[in-house]
Amino acid sequence: MRRIWPVLFLASLLAGCAAYKELSPDPEVLPAERGYIELKNGDEQFTLDKDGKYFVTFPAPPRDNTVLVLTLSNKSIIGSTLTAVFDDGVKPADRIPDETAGSDTMSVYAVDTRVLTFYWVIDPVKADTRLNMHYRYAPRWRFTFENKYVEYSGTLSSNVVGRQTYESIGPDFMSEQVDLKKERAGLDRTTGTISALRDELVKLGTLFPPEIAGSRDTAYVSYSKLRAAVDDELKFQTEYATALAFFDREKDTRGSMEAFLAAAPTFADFFRQSGSLRKPVVDRARSLIMARLAHVPAYYENQVKTRTDPRPVTLKPATAPVRKLYAAVGEQYPEELQSLEDFLARYNVEAGALAVAKERLAEIPKLLQRNPTWLSDTLYAALLERDAAANAAFVGSELSRFERQAGYPCVAALDQEVAATTAQIVGYQSIHTRARTVAGRIVMESWRMAEEQLRDLHNAIEANTSASLRTHKDMFVNHLESDLFGRMKAATEQKVEAFIARNILVTDDVPAMYQDSVFIPALRVTFSAGGSGVVAQRNQQIESYLTAAKNIRFPEAAIKALYAEFTKNIAVKGAERARAIVEHGKQYRGDDKQIKAYINECDPQVAKWIVKAKEYRRVYALPVTQNLRGTNEYVLRLRLNIPSDAAFPVFDITVKLPPEVAAKAGSEQWYKEITINRKPIKNEGRFRITAPKADNNYESLISPVQMDKDGNNILEVRFMYPGYRVFEVSAMAQVPIIRKN
Amino acid sequence: MQKRTIIIIAAIVVLIAAAVLFYFLSRAGLEGRIAIPFIAHQKPAIDPHLPNANALSDKLDEIQFDGLFNLSANPSGVVYEDGLGELLGVDENNVVSVRLKQGKRWHDSFPVTMDGDDITVGKGPDHLFSARDLEFTLKRIQSLGTLSPDYILVSQAVDDFSFAGPDAENIIRFQFRGDRIWKEADIKEILSFKILPEGSAMNDLNYRNGTGTYLSLPPKEGVANYYRMPGSPALIPFVDLMPFIDNSTYPTEMKGKSINVLLDTPFGSVSPVLANHEEFFAKSNISTTFFALLFNTERLNREQRKELRRLVDARLVLDRFFKVNTPQQRNIVDYKGNSNNFGDYLNTSIFPSSSYYLEEKVIESVPDSSAGFPGILPDTVQIQVCLNYGAREEYSELISIFNTPGLFGAKLHVTAVTNDVIRKGNYDAVLVAFTGYRSNFLFDLYDIVLREPDLETYKINLQTELTAEGTAAISPASLQADHNFFRLDARRETVDQQDVLQFMSDMYGFMSSRQVGDKQEYARRVDAMEQQLCLGKWLFSLPSLAYFSTQFDSSSIDLYGVASQLSTIKKWKEREKK
């Protein structure tokens, strides 16, 4: 098996080399232009076997733009292609296209001098056959012309247009008598065909060798005649079309000066190109145009006369083409039209200036649209800059010198608008200048002056001359008023907040803090554009804030803070803090139960509730005098409100005292006074007060304490202590025992 | 007159003055003595568990006996000191532990011999305090029942009047009731009853053996003085009870240094005789004495009693009693700092105005505004009074007032009689001073209603019986006509009998209750029924004012309460001489 593989491989190579068979014509193929020459193998035609593969070599032509034409009688049963690259096969990309692919008898291939040899490859052969074939090397122009001449001649003859109508156009020509559009449509079609024919001929003409000109070559002579006929017909049709187009356009614009003037460039062009046209045609066209131009000045003047606004005027259509049309028809440009243009030139300058001024003024609302900073000096600088710029835009009025147009409504409107705009600018300048001052005062926190100047702005005469100015002014007044109040309120609040933050833990002279000017409005509002109701409402608003700050938030914050410090360590400034809490409490008008509980807890004058029997309650005994370095009087008040079924509830009160207070109870009375509902409780009477001692845990029993069913049972204990501090005392109530003594 | 005669007379005067001066300078002083006066024929009877009509009796309990804890005082109020016990504590189950003091001797461990004023305190066999003494005492108190304030006191806390122990460490344990938080002061109050030695008579006239600060000396004519017990912390050795015929001379006796403590002044008023602050100082107190006309229910029917009550204008009596708005006005002060507030002492109920029940308006007095009709009264309403058992001065003044012509429709006639006459009950009304009353919850109604009409011997005629439910109730036998001033007889079928029985029952309810609320309700009922029965005219209370000689250091005398006036006596000390 190993010996067989090399043999098979070599055989396959050899088989490949032998796939195409070259047919070598006799006589050999010559590239000269000699008409059709049969391809023969000697005297015979080549025989092609079914499924055989063949090729024939053709030499390159002597010049470029040459075609190789093959005629075949059996083109239908063989497949063939021409290629410049042949290597036992033809790649599709290398195939030269057959320009007559649909023909059953002919193949045409473009050949040139860049390739030495072309291969005509036959593959496949569908049946055994004889190769009945002729070949011809031919210049392309010739081959083409020969093939197209009949067609070209037919095209020309079928698109020739009659010249009677054109020839008949004269002074009496009435365009209504001719269906111009239909005529133009037909003309468009024929002209297009002939134009395309002419282009093809021109293109074909480029293929002619230079030396053909002046020769008697039949094909060339036929070509030249055909070309001249085509050119003549095309020239006629073009002129005819130009004339028809003019008359048709003129006809279309009748009844519409605007359309007529819009077509002025077309008409002017017509006259500029009219040199090739028949003169009667041109004369008739001029007469038509001149008739139309007579109405043009009035048309334009009317555009201006009817304007009642002060905006710049632009004549429509523009007069420049019209001016050219006048020139094209040889007519003088009308004086009234020139005057109108001169007027408009000035008018538009002045109106433009007004427009510029208004545009600049229009920037002012834009500056104010997006929530500007009303207190920003930059804003007012920008506003005043716009005011000045608007003012600077104006030019002096010269329209009075145009007598013909001076009375036009637009002139009056312009004058009026200029006056109004000037007034607006003056008003704006006043408003903006004043507002700037107010803003500055607000920023400087000169509340009173700011308010006075705001009032001045509101009442300024020049700011109230028109509704728009009033609106503009009101906008500033409203915003500045709002900012003034807001800033003043914020400043007041800021001071209050800072004051509160600074003083919540201060214990000295708390009542004086509530007299501080921080709780007085920085400004008592006296002005508002909204009237006295708004003034009252704003004053109320800030008063409400100050009242809340003074009577709720400050005491609340202070009490919370002081109480936190107080309970953290009552031995450190306890009495001072408790007293401060009570003083704050005197100002407190809130309803926070916790705060009230703190106040009550620290107020020696407020009785501490005992509402449950047999439970100790911790309370503070606080000084009611303020001798910081000496002896002070302390008060402890208990309110007994213990539910009881008894008609005359009676209780023992046990008071657990701090050792410091009770330490000397054995040698001197530890309390100054004990009362129930202001009636003294004395040991000498039917009451029992036990003395606190170390061995009874410094408890003092007070018994019996009669309790009013209505709850008005205030047990008050007063004692003296050489110091200024706070004591913790626990108290408990329970039903008494009956004592003997 | 001849010059010689003048010289002789002058010499005699000088000699007499010298003799008088010598007498005063040479007589024995009161140094080392506390001298307290009493009415000679109203001898104090010492029973630490029963109240006595003689207020001094209850006060002397304090110096002679100890409780487990003793009431005392300091400037800040009442304190309890260890007596025969030491409080160890109370646990969560309300078990109170008390260690009994060891080595505490009864006074009979110290035989006393007296030779004139010389006293020798010897040393006999030790009679030591023990738990058995405490057990005996509790049994006695329990047996006395509502007669004894200590019964109410103890029954509030210890249901069975018993204790556990003592253990090896002499600790006893009481199971206290669980209805309250027992604070030290309450526990010690409960256990402050005085302790008698085991074997004492259950019902004796006088109890003389105690463990207190002062031991009782052999009595003379039924009255014993006291001497400081060996080892006692008392600073003053002697407590002498000085007999006098009546209280009218007390101020002058004090002025004359025969006594140095006067626990109550005549009329309860400020004494002009003792006005010198260099020599005396005073301490006022709540009232402890009130006067009343007690109506004889056998001789006056209910309408007559009401008319008599209406007829006697107590305010008029009071004003004349204190000679209000006259140059001789008897000035008064009270412990609250008020002065001459006479109206505060008027009484309108069987409960005095100073008592808890009136002062806190548990009872509202309603003045009788109905028109009087004196004609239903006898032509002369016979009122008797005995001047021999205290308050002689006050009685005399009242006799004078009631017998003043033109007053009270000239219907009243007051006669001073002997105790025997009063016992016979031949009066329409009897004028009685009730002394030593308490204004606290423990106001003593027995003292008024059940007291034997014998001013010499204090006796309460309480008889109880068991009800069908097995609970104690007062027996109608407690009210027999011969055994109370009103001559009420609960067993006799009269128109008043049902009201009398109800009154008696309510009174017992009041006295036996240990609940404050119950006491209030019973007080209202007692008052209401008494207003219907109209048993007496409740005139007025006396202020209470005590004087002390500046022989004593005033700062050492802290007096709170009434019966406990002498409970601080061991702290009294004499003022240091300059």
Side-chain angles (χ1 to χ4, degrees), chain A residues 613-616 644-652 654 656-657 661-671 674-676 679-693 695-708 719 732-741, chain B residues 71-80 87 149-150 152-153 156-157 179-186 188-190 192-193 283-286 334-337 354-357 359-362 438-442 513-517 519-521 524 544 555 558-564 567:
Chain A
K614 299 200 293 183
E615 278 190 7
Y616 277 93
S644 171
D645 294 333
F648 299 91
V650 60
F651 287 91
D652 278 356
T654 300
K656 185 176 178 183
L657 297 162
V661 173
K664 295 181 181 177
S667 56
E668 57 189 64
Q669 184 172 292
W670 68 269
Y671 61 89
I674 299 177
T675 60
I676 178 73
K679 291 187 294 187
I681 293 178
K682 293 199 171 185
N683 253 326
E684 289 86 343
R686 58 182 176 74
F687 295 103
R688 167 71 57 85
I689 301 171
T690 62
K693 298 190 299 180
D695 57 5
N696 68 6
N697 209 16
Y698 294 108
E699 288 191 340
S700 180
L701 176 74
I702 304 163
S703 175
V705 177
Q706 191 71 32
M707 209 176 81
D708 185 347
F719 63 86
M732 184 271 285
Q734 65 175 335
V735 176
I737 60 170
I738 296 171
R739 296 170 194 279
K740 189 166 72 169
N741 297 300
Chain B
L71 189 68
S72 186
N74 66 22
S76 292
V78 168
V79 295
Y80 293 90
L87 179 63
D150 291 321
I152 300 299
L153 188 69
Q156 295 175 96
D179 56 355
R180 62 183 287 108
I181 299 173
W182 288 100
K183 308 300 296 182
E184 183 207 30
D186 291 342
K188 290 182 173 178
E189 171 73 16
I190 295 293
S192 67
F193 54 86
K283 289 182 182 279
S284 60
N285 213 312
I286 196 167
D334 72 5
Y335 67 92
K336 297 176 185 173
S354 63
S355 73
Y356 162 80
Y357 302 100
E359 193 160 80
E360 296 297 351
K361 296 182 172 50
V362 177
R438 289 181 171 90
S439 286
N440 61 12
F441 294 122
L442 287 177
S513 172
R514 62 188 179 203
Q515 301 291 340
V516 172
K519 278 199 173 290
Q520 291 168 342
E521 177 57 27
R524 278 192 294 273
S544 177
S555 67
D558 296 307
L559 301 181
Y560 300 124
V562 179
S564 60
S567 64

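In what follows, chains carry the letters A, B, and so on, assigned in the order in which the sequence lines appear, proteins first and then strands, with residues in each chain numbered from 1. These figures come from a predicted structure and were not determined experimentally.
Your options are B:K336, B:K188, B:E359, and the one with the most heavy-atom pairs under 4.5 Å with chain A is B:E359. Of the listed residues (A:E699, A:K664, A:R688), the one with the most heavy-atom contacts under 4.5 Å to chain B is A:R688. In terms of non-hydrogen atom pairs under 4.5 Å with chain A, the most contact-rich of B:S354, B:A185, B:S555, B:P149 is B:A185.
Note that CD of B:E360 and CD1 of A:I676 are 8.0 Å apart. Values are rounded to the nearest 0.5 Å. For the atom pair CG of B:N74 and CH2 of A:W670, the computed distance is 11.5 Å after rounding to the nearest 0.5 Å.
Of the atoms belonging to B:S284, it is backbone heavy atoms, and not side-chain ones, that fall under 4.5 Å from chain A. In this structure, the portions of B:I181 lying under 4.5 Å from any heavy atom of chain A include both its backbone and its side chain. Using a 4.5 Å cut-off between heavy atoms, B:D334 makes no contact with chain A at all. Residue contact with chain A, scored on non-hydrogen atoms closer than 4.5 Å, involves the backbone of B:Q515 exclusively. Contacts of A:P704 with chain B are made by side-chain atoms alone, with heavy-atom separations under 4.5 Å and no backbone atom involved. Only the side chain of B:Q520 comes within contact range of chain A, judged by heavy atoms closer than 4.5 Å. Heavy atoms of A:F651 lying under 4.5 Å from chain B are absent altogether. For a residue to count as touching a neighbouring chain, one of its non-hydrogen atoms must lie under 4.5 Å from one of that chain's; by this rule B:K283 does not touch chain A. Heavy-atom distances place the side chain of A:L701, and not its backbone, under 4.5 Å from chain B.
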Q. Do A:D695 and B:E184 pass the side-chain contact (heavy atoms from CB on, under 4.5 Å) test, and can you show the C-alpha distance, the side-chain angles, and the key distance before you say yes or no?
A. CA-CA 9 Å; A:D695 57 5; B:E184 183 207 30; 4.2 Å; yes
Q.
Would B:D186 and A:D652 count as a side-chain contact (heavy atoms from CB on, under 4.5 Å) here? Give the steps.
A. CA-CA 10 Å; B:D186 291 342; A:D652 278 356; 4.0 Å; yes
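When atom types are taken as modelled, the side chain of B:S76 and the backbone of A:S667 share no donor-acceptor pair closer than 3.5 angstrom.
A 6.0 Å sphere centred on NZ of A:K693 holds more than 12 heavy atoms belonging to other residues, nucleotides or ligands.
Put simply, the residue from B:D150, B:L71, B:N440 that forms a side chain to side chain contact (heavy atoms under 4.5 Å, CB included) with A:K740 is B:D150. Under the side chain to side chain contact (heavy atoms under 4.5 Å, CB included) test applied with A:I737, the options B:R514, B:K183, B:Q156 reduce to a single match, B:Q156.
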